[in-house]
Amino acid sequence: MADRKIAVVTGAGGGIAAPLLPRLAAEGWGLHLTDISQEMLAPALAEARKHDPDATGVVSMLESVEACRAALPPSGAIHALVHLAGIFVPHSVSEQGRPVYERTMAANADNAFDLVAAADDRLADHARIVFISSLAFSAGSPEHPGYSMAKGALVGLTRALARSHAPRGILVNALAPGIIETGMPAHVIAKDGEAYRKRIPLGRFGAPEEVSGVIAFLLSPDAGYITGQTLRIDGGVTAG
């Protein structure tokens with residue numbers, strides 16, 4: 001349909017996307033999904049099509065502006081970019097850790113810049129952009145320095161784009177989750193989960209639905225006066 005709102009969701013095979021995709025479809029969004037492999041994308045696309053039969057998807061590493069452009073829907077306006085794609089790999093600040101650092105920056109920050117660059121001339125007026133930063137941007141993750149850097153970069157990009165795109169009514173925000181029970185932080189939970197849990201005022205890790213619900217809110221009319229913000233979803237870790 002010509003008036004169908006299209007949301008592009010990257011990292012669509014991940015744990016945050018799982019509850020997000022059916023919710024967006026139920027709220028009338030048309031879905032276009034990307035992930036880094038057919039193995040990751042296919043189950044997410046199949047599940048999305050249960051709720052949105054017209055959902056589409058593309059396998060992409062989002063490794064350049066050109067790759068991001070090819071990963072977008074082939075035509076039409078884009079009404080939301082939800083950038084969930086990223087990696088979380090431990091490494092040291094050392095010569096040996098440099099390759100992981102480079103991969104981490106590319107997969108968590110560079111691709112966000114490239115995605116917006118590729119989609120910019122197709123973004124509808126009053127579109128929404130949502131990035132996923134992390135509590136690591138402010139608290140620091142000692143075993144993930146590149147990830148901490150990249151997620152801080154997304155906060156800066158969010159603020160810059162919120163200002164540059166405000167004349168078109170495009171709202172740009174980020175989320176900074178703490179530890180959410182998905183596959184990405186499983187190695188951290190397995191190693192130091194109890195110690196981290198004790199630092200959380202609510203006494204538990206977050207659920208994917210508690211992040212996807214905030215994303216859905218930021219795409220809704222109720223969030224029409226929120227832009228340039230980084231919303232912390234961390235169970236109270238940064239309270240005060």
Side-chain angles (χ1 to χ4, degrees), residues 4-14 16-17 20-21 23-25 27-36 41 44-45 48 52 55-86 106-134 150-151 153-177 211-221 223-224 226-231:
R4 181 173 152 92
K5 300 181 299 179
I6 298 299
V8 174
V9 181
T10 73
I16 301 300
L20 176 66
L21 300 179
R23 177 162 183 169
L24 293 186
E27 294 177 2
W29 288 92
L31 301 173
H32 179 80
L33 315 181
T34 79
D35 215 312
I36 61 173
L41 178 64
L45 187 55
D52 172 19
T56 54
V58 175
V59 173
S60 178
M61 294 289 290
L62 306 177
E63 71 273 19
S64 65
V65 175
E66 293 76 15
C68 288
R69 189 173 292 117
L72 297 174
S75 62
I78 295 168
H79 301 81
L81 292 176
V82 180
H83 186 46
L84 305 178
N108 291 284
D110 295 349
N111 58 6
F113 180 97
D114 291 343
L115 184 66
V116 175
D120 202 42
D121 62 355
R122 292 180 55 189
L123 289 175
D125 288 349
H126 308 289
R128 309 292 173 91
I129 299 173
V130 179
F131 296 124
I132 301 298
S133 178
S134 168
K151 293 306 187 178
L154 287 181
V155 172
L157 181 61
T158 296
R159 293 170 177 166
L161 291 175
R163 290 182 176 275
S164 64
H165 286 56
R168 294 173 57 193
I170 295 173
L171 308 183
V172 188
N173 292 289
L175 305 185
V211 180
S212 65
V214 181
I215 296 171
F217 164 69
L218 289 173
L219 301 189
S220 76
I226 301 174
T227 194
Q229 303 305 305
T230 299
L231 306 182

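Fair warning: this is a prediction, and the values are worked out from it, not measured in the lab.
No donor-acceptor pair closer than 3.5 Å links the side chain of T230 to the backbone N or O of L175. Proximity of a side-chain donor or acceptor of Q229 to a complementary backbone N or O of T227 within less than 3.5 Å is detected. Remark: side-chain polar atoms of N108 are not paired, donor with acceptor, to backbone N or O of A150 under 3.5 angstrom. Within the 3.5 Å criterion, the main-chain N or O of G30 finds no donor-acceptor partner in the side chain of D52. In this structure, K5 contributes its side chain and A127 its backbone to no donor-acceptor pair below 3.5 Å.
Atoms CG and CD1, on L161 and I129 in that order, are 5.5 Å from each other to the nearest 0.5 Å. For the atom pair CG (L81) and CG (L115), the distance works out to 5.0 Å, reported to the nearest 0.5 Å. If you take CG on N173 and CG on L219, they are separated by 10.0 Å, rounding to the nearest 0.5 Å. T10 contributes atom OG1, which lies 9.5 Å from atom CZ of F131 (distance to the nearest 0.5 angstrom).
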Listing, residues 56-63 side-chain donor-acceptor contacts under 3.5 Å, not counting sequence neighbours, or none:
{"residue": "T56", "atom": "OG1", "partner": "H32", "partner atom": "ND1", "Å": "2.6"}
{"residue": "S60", "atom": "OG", "partner": "L62", "partner atom": "N", "Å": "3.0"}

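Shown here for S133 and V155, the closest heavy-atom pair between the two residues is OG-CG2, 3.6 Å. Shortest non-hydrogen contact noted between S134 and K151 is CB-CG, 3.7 Å.
Under the rule for a side-chain contact (heavy atoms from CB on, under 4.5 Å), the partners of F217 that lie at least two apart in sequence or sit in another chain are S220, D222, A223, I226. The side-chain contact (heavy atoms from CB on, under 4.5 Å) search around A124 returns A77, H79, not counting sequence neighbours. Contacts of R69 classified as side-chain hydrogen bond (donor to acceptor under 3.5 Å, both in side chains), with partners at least two apart in sequence or in another chain: none. Under the side-chain contact (heavy atoms from CB on, under 4.5 Å) criterion, R122 pairs with L72, P73, I78, not counting sequence neighbours. Residues that satisfy the side-chain contact (heavy atoms from CB on, under 4.5 Å) test with L45, not counting sequence neighbours, are L33, R49, A55.
With L31 as reference, L21 is the one residue of L20, I6, L21 to meet the side-chain contact (heavy atoms from CB on, under 4.5 Å) rule. With V211 as the fixed residue, the side-chain contact (heavy atoms from CB on, under 4.5 Å) test singles out one of L84, I16, L231: I16.
Between V214 and V130 the shortest side-chain heavy-atom distance does not fall below 4.5 Å.
Residue pairs satisfying the side chain to side chain donor-acceptor pair (under 3.5 Å) criterion with at least one member in residues 110-120, sequence neighbours excluded, are listed as follows: H83-N111, D120-H165.
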